[in-house]
Amino acid sequence: MYINDEQLRAFLSDSGLVSQKKFDVATDKAEEKGITVSEVLVSEGEISEDDLRRSHAYVLGIPFVDLSSTKPDLNTLALIPEPIARRNNIVAFKQEGNELEVAMLDTDDLAAIDFVKKKTQLRILPRLTDAASIKHMLRQYQKSLRDELGDVIARESKTLEKFGKMRTDSEQDLRKLAEGVPAVRVLDSLLRHAIVQNASDIHIEPRENALLVRYRIDGILHDAMSLPKSAAASVTARVKVLANLRLDEKRMPQDGRFRMETDGDRVSFRVSVLPTYHGEKTVMRLLREDVSGFTLESLGFHGIGLERSHDATRKKTGLILVTGPTGSGKSTTLYTMLDILNTPDVNISTVEDPIEYQMQRINQTQVRPDIGFTFATGLRSLVRQDPDIIMVGEIRDRETAALAINAALTGHLVLSTLHTNSASGAVPRLLDMGVEPFLLASTLQVVIGQRLVRTLCSGAKEHKLSASEMRGLEEKADLGAVLKALKEESIVSGKTTWKSVPLSRENPTPECETGYSGRKGIQEVLPVSESIRKLILDGVSSDEIEIQARKEGMLTMFEDGIFKSVARETSLAEVLRVVSE
C-alpha cells in the first residue's frame with residue numbers, strides 16, 4: 001500500500017510514535033538502501049509492525065479492526081479455507097447480505113481478495129488488522145475442526161462398534177467395513193485434522209482395549225485421540241482401500257500411497273501397515289505436494305554456508321551430498337536445490353524411493369526393488385536420457401555410489417543423500433563402499449549435514465549463560481567462531497562479548513502451548529577445498545577432515561544451533577535435544 005512519506009511523517013510525529021528527527025534519519029537510510037521508510041523504521045525497532053499498520057490504516061482511511069478477542073461465526077469464518085487464510089493472512093469475520101468483511105495484514109493483496117470474491121460470489125470489504133488478530137482467528141479454525149472431529153467420533157462410535165462385531169474373514173466383509181459411512185467419516189476427519197495441525201505423520205496404533213491415534217507435530221509425537229477398539233478393523237480397512245492394499249492380508253507388512261485435496265492443499269500420504277501383537281499398526285507420512293517457494297534461506301541456511309551451497313549449485317558437474325538421519329529434512333533440501341536449478345535450458349531427471357514431491361518440468365522415476373528396478377538400475381538408465389542434472393534419492397550401496405561418481409565425472413551435476421551423522425562422515429562412508437579416493441576427490445563439491453529443530457514462537461524468553469554452562473559449551477563448540485559469524489551477519493554488534501549475549505528459550509502461552517511452532521534446519525556445510533581434497537587422497541579420518549573444514553570457516557551443526565539460539569530462532573535446549581555429540 002503506497003503512502004506519501006510526508007503524510008506518514010506528520011501522523012507519526014503528531015501521535016508521538018516516532019519523532020521527526022528519527023523519521024528523517026530513517027528517510028536517509030531508506031534512500032541509501034533502496035527500501036521504504038516504513039521498512040527502515042520497523043527494522044530499526046522504532047515502531048512495531050502492528051503500530052505501523054494502524055498508522056497506515058488511519059492515513060489511508062481504511063477501517064482498522066481488532067479481532068483478538070472476537071468469537072466469530074464459524075460459518076462466516078469457513079467461507080475462506082483455512083490454508084488460504086493462513087497463507088495470505090486474510091480471514092472473514094462479518095457478513096451482511098451480499099457483503100463480506102475480511103481482515104487482512106495487507107489490503108494490497110489483490111490476488112487473495114479476488115480469490116475470496118470468486119469463491120464466495122460476495123462483495124468483499126477489506127479491513128486492516130494486526131498479527132494478534134489473525135493468529136486468534138486462525139486458532140478458531142482448529143477449534144472448529146476439533147469440535148467437529150469430537151462430534152463425528154461420538155456420533156459414529158456406536159455404529160463402529162456394531163461394525164466391529166461383524167465377521168471380517170473375507171475381503172468382501174472388509175470392503176463393506178471400509179466403505180461404510182462411519183469409517184469414511186472418521187478417517188476423513190482424522191486426515192483433515194492432521195493437515196490443519198501441520199502434522200508430518202499419523203500413527204494409528206492398536207492397543208489391548210483401544211485404538212490410539214497420535215500425530216507427529218514439529219518432530220514430537222502427541223496423543224491426538226483414542227477410538228474404541230472395535231473401530232480398528234473399519235479404520236484400517238478404509239486406509240487399505242485408499243492406498244490400494246490387500247484387504248485380506250493381515251500377516252505381512254504392506255506399503256502404499258494415496259492423495260487427498262482439501263481446501264486448496266494437495267497432500268500425499270505414504271502408508272505403511274505392519275502386523276503387531278494387538279493388530280495392524282498404520283503409519284501415514286504426510287507429504288505436501290507443493291514445494292515451490294522454498295529457498296535455502298527459509299530452510300535455515302545463512303552466511304558462508306549459504307554462499308557455499310549456492311556456489312555448488314552453480315557448478316555444471318560434480319556431486320552434492322546431503323547427510324543426516326531419517327526425518328532430518330534431507331529430501332526437502334534436495335528438492336529446494338532442484339527448484340533453484342529448474343530452468344528451461346536444463347534437463348533434470350531423478351530416481352527416488354519414493355517420489356515424495358511432484359515437481360513441474362522434472363522427470364521423476366520411482367524405484368521398484370520387487371521387480372529388480374533399483375537405484376543402480378535407474379541411474380544406469382538415466383545417464384542415457386541426456387540429463388544435465390541427476391538426483392538420486394539415496395546412495396545405499398557400492399554400485400549406486402560408483403554410478404553416481406561416474407555420472408559426476410562425465411559432465412553431470414549429481415545430487416543425492418547419505419545416512420551419516422555429520423558432513424565429514426560422508427567421506428569415509430563412500431570410501432567404505434569402495435569408491436576410489438582419487439575419484440571422490442575429483443567429483444565431490446560440497447557435503448551438507450543437517451538436523452531439524454523446532455522454532456520458537458514470538459515472545460521467546462532470553463537466557464543468559466551461567467559460568468558452568470559457558471564452560472560446557474566451550475568443550476563442545478568453538479564459541480569464537482560462532483560469535484564471529486554473529487557479528488558478520490549483524491545479529492550482534494561488533495564489540496559484543498559472550499558475557500553479554502543472551503540466548504533464547506521457549507515461552508509457552510495459551511496461543512503457543514509448547515513455546516514452539518514449526519521447524520527449521522541447523523546445518524554444517526563442508527566445501528571440498530584443495531586442502532580437503534588432499535586429505536581425502538591421504539585417506540584420513542572424518543575427524544581430521546572436520547578439523548580442516550572448521551579452520552576454513554565451517555560451523556558445525558551444534559555451533560549453527562547456538563547461532564540460531566542467539567538469533568531467537570530456536571532454543572539451546574532444543575539444539576541439545578537434536579544434536580548428538
Side-chain angles (χ1 to χ4, degrees), residues 296 301 304-324 330 333-334 337-338 340-341 349-351 375-376 379-380 382-383 387-450 481 523-557 560:
L296 292 178
F301 289 81
I304 192 171
L306 175 64
E307 292 174 18
R308 288 168 168 175
S309 301
H310 275 303
D311 285 345
T313 61
R314 294 187 191 105
K315 300 284 175 60
K316 298 297 183 184
T317 64
L319 179 63
I320 297 174
L321 288 177
V322 183
T323 71
K330 299 187 298 296
T333 298
L334 281 188
M337 287 184 162
L338 288 182
I340 293 169
L341 292 164
S349 296
T350 75
V351 54
F375 277 120
L379 185 50
R380 193 178 289 110
L382 276 192
V383 295
D388 300 291
I389 299 162
I390 297 171
M391 193 265 268
V392 184
E394 184 185 344
I395 295 178
R396 295 177 179 171
D397 52 47
R398 180 173 186 167
E399 187 179 9
T400 307
L403 288 167
I405 293 288
N406 187 61
L409 276 172
T410 54
H412 305 92
L413 182 63
V414 181
L415 295 81
S416 190
T417 69
L418 202 62
H419 284 283
T420 62
N421 288 329
S422 64
S424 58
V427 173
R429 175 66 57 84
L430 289 169
L431 295 178
D432 287 345
M433 287 183 181
V435 176
E436 293 290 346
F438 72 92
L439 293 177
L440 186 59
S442 302
T443 55
L444 194 58
Q445 297 287 356
V446 70
V447 186
I448 299 166
Q450 71 176 50
Q523 293 92 3
E524 55 188 28
V525 181
L526 191 159
V528 181
S529 61
E530 285 304 317
S531 55
I532 290 177
R533 283 194 174 91
K534 290 177 183 176
L535 293 177
I536 294 173
L537 291 170
D538 292 340
V540 302
S541 67
S542 61
D543 289 342
E544 292 176 83
I545 292 173
E546 183 174 301
I547 289 169
Q548 180 59 36
R550 293 174 74 174
K551 286 179 182 177
E552 296 176 10
M554 182 188 83
L555 292 181
T556 65
M557 278 181 282
D560 190 41

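Values below: all heavy atoms of this structure, side chains included; hydrogens, waters and symmetry mates excluded.
With contacts defined as side-chain heavy-atom distances shorter than 4.5 Å, the pair Pro437/Leu440 does not qualify. Contact check for Leu430 versus Leu418: side-chain heavy atoms found under the 4.5 Å cut-off. Counting heavy atoms from C-beta on, the side chains of Leu526 and Val427 never come closer than 4.5 Å.
Using modelled atom types and a 3.5 Å distance limit, the side chains of Gln548 and Glu544 yield no donor-acceptor pair. For the residue pair Thr333 and Gln450, a side-chain donor N or O sits within less than 3.5 Å of a side-chain acceptor on the partner.
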Practice task
Evaluate the side chain to side chain contact (heavy atoms under 4.5 Å, CB included) criterion for residues Val414 and Leu379: first the C-alpha distance (whole Å), next the side-chain angles of each, then the deciding distance (0.1 Å), finally the verdict.
Solution key: CA-CA 11 Å; Val414 181; Leu379 185 50; 5.8 Å; no
Practice task
Would you sort out whether Asp311 and Arg308 count as a salt bridge (charged side-chain N to carboxylate O under 4.0 Å, His left out), showing the intermediate values?
Solution key: CA-CA 5 Å; Asp311 285 345; Arg308 288 168 168 175; over 6 Å; no
Exercise for the section: Decide side chain to side chain contact (heavy atoms under 4.5 Å, CB included) for Thr420 and Val447; before the verdict, give the C-alpha distance in whole Å, the side-chain angles of both, and the deciding distance to 0.1 Å. Expected result: CA-CA 11 Å; Thr420 62; Val447 186; over 6 Å; no
Practice task
Could you please spell out the steps behind the side chain to side chain contact (heavy atoms under 4.5 Å, CB included) verdict for Leu382 and Val351?
Solution key: CA-CA 8 Å; Leu382 276 192; Val351 54; 4.1 Å; yes
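Shortest non-hydrogen contact noted between Thr556 and Glu546 is CG2-OE2, 4.0 Å. Minimum interatomic distance between Thr323 and Ser422 (heavy atoms only, all atoms of both residues): OG1-O, 3.4 Å. The two residues Ile340 and His310 make their nearest non-hydrogen contact at CD1-CE1, 3.9 Å. Taking every heavy atom of both residues into account, Met337 and Leu415 meet most closely at CB-CD2, 3.8 Å. Across Lys330 and Gly324, no two heavy atoms sit closer than the pair NZ-O, 3.2 Å. Minimum interatomic distance between His412 and Ala407 (heavy atoms only, all atoms of both residues): ND1-O, 2.9 Å.
Separation of atoms CD1 (Ile304) and CE (Met554) is listed at 11.0 Å; rounding is to 0.5 Å. To the nearest 0.5 angstrom, Lys315 atom NZ is 12.5 Å from Leu341 atom CG. Of the inter-residue distances, the one linking Leu431 atom CG with Leu439 atom CG reads 10.5 Å to the nearest 0.5 angstrom. Atom OG1 of Thr443 is separated from atom CD1 of Ile405 by 3.5 Å, given to the nearest 0.5 angstrom. Expressed to the nearest 0.5 Å, how far OG of Ser349 lies from CG of Leu338 amounts to 10.5 Å. Glu524 CD to Met557 CE: the interatomic distance, rounded to the nearest 0.5 Å, is 4.0 Å.
A distance-only check finds no donor-acceptor pair linking the side chain of Gln445 to the backbone of Ala312 [under 3.5 Å]. A distance-only check finds no donor-acceptor pair linking the side chain of Asp560 to the backbone of Leu555 [under 3.5 Å].
Annotation: side-chain hydrogen bond (donor to acceptor under 3.5 Å, both in side chains) contacts of Glu436 (sequence neighbours excluded): none. Legend: residues meeting side-chain hydrogen bond (donor to acceptor under 3.5 Å, both in side chains) with Ser542, ordered by chain and number and at least two apart, are absent.
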Please list every donor-acceptor pair under 3.5 Å in which a side-chain atom of residues 389-397 meets a protein atom from a residue at least two apart or in another chain.
from   : atom 1 : to     : atom 2 : distance (Å)
Glu394 : OE1    : Arg396 : NE     : 3.1
Glu394 : OE2    : His419 : NE2    : 3.4
Arg396 : NH2    : Asp353 : OD2    : 3.4
Asp397 : OD1    : Glu399 : N      : 3.3
Asp397 : OD1    : Thr400 : N      : 2.8
Asp397 : OD1    : Thr400 : OG1    : 2.7

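Under 4.0 Å is where a charged nitrogen must lie from a carboxylate oxygen, and between Arg429 and Asp432 no such pair does.
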